[in-house]
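In what follows, a structure is listed as structure tokens, so that the remarks can point back to it.
All heavy atoms count here, side chains included; hydrogens, waters and symmetry mates do not. All of these numbers come straight from a predicted model, not from anything done at the bench. Chain A is the first sequence line, chain B the second, and so forth, proteins listed ahead of strands; every chain is numbered from 1.
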Amino acid sequence: MRSNGAGMVTPDMAGEEVRIAGWVHRRRDLGGLVFLDVRDRSGLLQASAGPGWSSPEAMEAVRGLGPEDVIGIRGVVAPRPEAARNPDMATGDVEVQITELEVFNKARTPAIPVYLPPEEELPSEKLRLRHRVLDLRRHDLQARLILRHRLVLEVRNFFHEQGFVEIETPMLTKPTPEGARDFLVPSRVHPGEFFALPQSPQIYKQLLMIAGFDRYVQIARCFRDEDLRADRQPEFTQIDVEASFVQPEDIYGWCEGLMARLAEVAGIEADPPFLRLTYQDAMERFGCDRPDLRYGLEIGDYSDVLGALDSNILRGAIAKGGRIRGLHLAGGARLSRKQIDAIERAAKAEGAPGLFWAKIQEDRATGPMGRFFRDDTSARLALSPGDLILAAAGPDRVTSPALDAARRASIQALELPRTTAHAWLWVTGFPVFEEGADGTMGANHHPFVQPHPDDIHRLDSDPLSVRGLAYDLVYNGTELGSGSVRVHDADLQARLLGMLGLSEDEIATKFGFLLEALRAGAPPHGGIALGMDRLAAWLSGGTSLRDVIAFPKTTAARALYEGAPVQVGAAELAALGISVGGSE
RNA sequence: GGGGCUGUAGCUCAGUUUGGUUAGAGUGCCGGUCUGUCACACCGGAGGCCGCGGGUUCGAGUCCCGUCAGCCCCGCCA
């Protein structure tokens with residue numbers, strides 16, 4: 001039906017007869033002469049219809065065309081007259097002079113425009129999702145999805161080259177007792193019983209290691225029934241990786257090699273090995289476990305100097321065992337009171353009672369904390385005139401998140417320059433456990449993380465201090481992937497599950513199959529899962545996962561194009577042995 | 001579950017602060033003129049449940065209450 005892609009026609013094809021098929025992008029009707037921009041995946045091409053070269057039928061048909069009509073044209077490639085060339089168009093030096101035209105399908109006037117005039121805003125995202133087929137015709141989205149395809153291809157090639165095997169794992173699986181809420185799938189054969197869609201193939205990939213596959217990879221769809229964000233969809237795709245007889249270094253090496261290859265595909269810079277920070281250092285220097293290292297600003301400990309000032313609050317914080325940490329903002333004194341208040345609000349939103357701050361002037365310090373400054377305070381803190389110091393006092397668990405928020409708000413307020421466009425980082429040594437708000441102990445990552453050999457003796461005496469062989473890959477302040485070396489000893493695994501509050505019965509019924517596998521001779525193993533959607537979004541320069549997913553869900557977890565989810569009929573429910581209650 | 005922003009013509013938006021005649025613009029759509037356009041140009045026309053429901057008022061796009069939807073965030077997401 002066609003000889004060339006519309007975007008593939010070049011000046012050296014002049015004189016050739018071509019057949020082009022695609023959509024009518026724009027039509028410019030000059031009366032005796034009609035121009036069409038024909039669009040397909042490969043690009044745009046101008047076609048012209050005129051009485052000198054087009055059949056009367058083609059002239060007639062071309063006048064009836066509207067945007068998004070699907071047509072096939074036959075014509076001759078011609079260089080455009082010098083004055084009629086369009087340097088803004090990839091194929092702007094040529095056109096196809098239409099001899100024959102066939103209309104494959106008329107299109108209704110599109111509900112949202114595929115062609116957008118310059119400086120016209122995109123239609124609202126609601127409409128873009130509702131009319132996704134039209135939205136997906138736009139070059140921008142096509143380019144993102146095609147880049148995603150190339151990234152996925154590169155992932156498969158890379159791991160194949162490294163000796164990995166891609167193995168599919170079940171989508172109908174067993175509900176998990178902790179972690180995210182499961183999507184449940186009723187079984188008709190077993191009324192009242194349910195499968196769950198996998199939150200990740202975590203246990204399956206461990207089983208594959210025990211089965212002896214050594215190196216496993218899967219581009220795996222995962223499901224979590226939790227509330228959405230711009231970087232979170234209820235169904236998403238992971239690059240799921242697991243390998244036997246490995247240490248964290250092996251995983252780092254593979255991931256760094258992969259990132260370098262993917263960055264190359266996307267045309268951006270990645271220069272492994274990536275920087276590494278321990279969890280502790282990350283919290284100390286940046287107040288969070290996934291700092292954005294595109295900016296150099298770091299948190300400092302000012303307990304000695306600020307704790308000695310004549311402020312009851314500052315002294316009190318030290319006396320209670322806390323610290324005074326803060327941010328030294330060079331040139332920050334130019335921030336207005338309003339801007340500083342905004343930074344403080346960000347810190348308060350993270351739970352800090354407030355921020356102390358001082359502006360350093362030529363002869364004195366001003367601001368709520370500045371009045372406590374002594375003659376040598378600025379010098380001892382290495383503050384110069386024009387600087388601003390922000391500080392938070394108290395236990396680290398309060399000041400760290402507050403200063404993380406203050407850091408991000410300060411970067412924004414001061415418009416600090418980036419030191420790099422792409423900041424990759426490993427954060428290592430996450431704690432195995434975390435304390436929940438209700439005081440119960442939960443798994444920080446998941447319950448299969450191998451405790452650090454240096455810390456394992458503290459499992460009973462001080463479990464919260466036990467580090468795990470767990471690591472995150474961070475890109476520009478966002479978690480891109482998370483992994484660990486796993487527990488391969490059944491007794492240790494059972495003990496860890498018990499520490500999380502599971503009874504022996506629960507452990508047996510919920511994780512018995514895993515423990516049984518571990519007892520069958522499990523190799524030491526570990527791995528990582530990388531967010532494929534996030535990777536595609538960031539590497540294509542976007543921020544929302546919706547831009548790299550053909551048919552994404554809204555923030556209320558609805559599919560607007562097809563209209564899901566829906567209620568189902570009583571008969572269907574009855575067949576599944578399910579009754580639906582009221583909204584209570 | 002909570003907070004914020006948004007919802008007016010097919011689409012993008014103005015109008016809402018301070019209630020007041022017939023709700024506007026650009027674009028798209030329909031009809032017409034036009035042989036080198038490319039945001040074609042020009043002439044004419046049609047097009048509105050102001051998200052939905054209730055209330056206040058002589059009068060509501062505008063004020064109040066509720067509700068729905070989209071987006072952003074908190075909780076949540078190992």
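Nucleic acid contact for A:R181: sugar-phosphate only, since backbone atoms but no base atoms lie under 4.0 Å from a heavy atom of the residue. If you check every strand for non-hydrogen atoms under 4.0 Å, A:E119 touches nothing. Residue contacts shown for A:E120 include a base, since a base heavy atom lies under 4.0 Å away. Residue A:P67 is in sugar-phosphate contact alone, with no base atom involved, counting any heavy-atom pair closer than 4.0 Å across all strands shown. Among the protein residues, A:S200 comes within range of the nucleic acid bases, having at least one heavy atom under 4.0 Å from a base atom. A:L116 comes within contact range of no nucleotide atom at all, as no heavy-atom separation falls under 4.0 Å.
The distance from the CG atom of A:L469 to the CD1 atom of A:I251 is 11.5 Å, given to the nearest 0.5 Å. Interatomic distance, CG of A:D240 versus CD1 of A:I528, reported as 10.0 Å (0.5 Å rounding).
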Can you check nucleotides 40-46 of chain B for protein contacts, nitrogen or oxygen pairs under 3.5 Å, and list what you find?
residue : atom : partner : partner atom : Å
B:rC40  : OP1  : A:R26   : NE           : 3.4
B:rC40  : OP1  : A:R26   : NH2          : 2.0
B:rC40  : OP2  : A:R26   : NE           : 3.4
B:rC40  : OP2  : A:R26   : NH2          : 3.3
B:rC40  : N4   : A:D29   : O            : 2.2

Under 3.5 Å, N/O pairs linking protein and nucleotides 67-70 of chain B:
residue : atom : partner : partner atom : Å
B:rG70  : OP1  : A:T554  : OG1          : 3.0

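In terms of phosphate contacts, A:R229 brings a side-chain nitrogen or oxygen within less than 4.0 Å of OP1 or OP2 of B:rC74.
If you look at A:Y471 and A:F430, their ring centroids are not closer than 6.0 Å.
Counting distance only, with no hydrogens placed and no angle test, the side-chain atoms of A:R80 and the base atoms of B:rC38 include a donor-acceptor pair under 3.5 Å. If you check distances only, the side chain of A:R232 does reach the base of B:rC76 with a donor-acceptor pair under 3.5 Å.
Straight-line distance between the C1' atoms of B:rU8 and B:rA60: roughly 14 Å, to the nearest whole Å. Rounded to a whole angstrom, the distance from the P atom of B:rA25 to that of B:rG44 is 13 Å. The gap from the C1' atom of B:rA9 to that of B:rG15 amounts to 14 Å, rounded to the nearest Å. The gap from the C1' atom of B:rA23 to that of B:rU16 amounts to 12 Å, rounded to the nearest Å. Between the C1' atoms of B:rG28 and B:rG48, the separation comes to 16 Å (whole Å).
Within the cation-pi definition used here (under 6.0 Å to the ring centroid, within 45° of the axis), A:R26 qualifies as a partner of A:Y115.
Summarising the base pairing, B:rC5 is matched to B:rG70 through a Watson-Crick or G-U wobble pair whose two defining distances lie under 3.5 Å. In this entry B:rA60 has no Watson-Crick or G-U wobble partner, no candidate having both defining distances under 3.5 Å. In this structure B:rU18 sits in no base pair that meets the Watson-Crick or G-U test at under 3.5 Å. Across all strands shown, B:rU27 is found opposite B:rG10 as a Watson-Crick or G-U wobble partner, with both distances under 3.5 Å.
Computed from coordinates, the A:E82 CD to B:rU37 P distance equals 13 Å when rounded to whole Å.
A:E95 and A:S48 form a side-chain donor-acceptor contact under 3.5 Å, judged by distance and modelled atom types alone.
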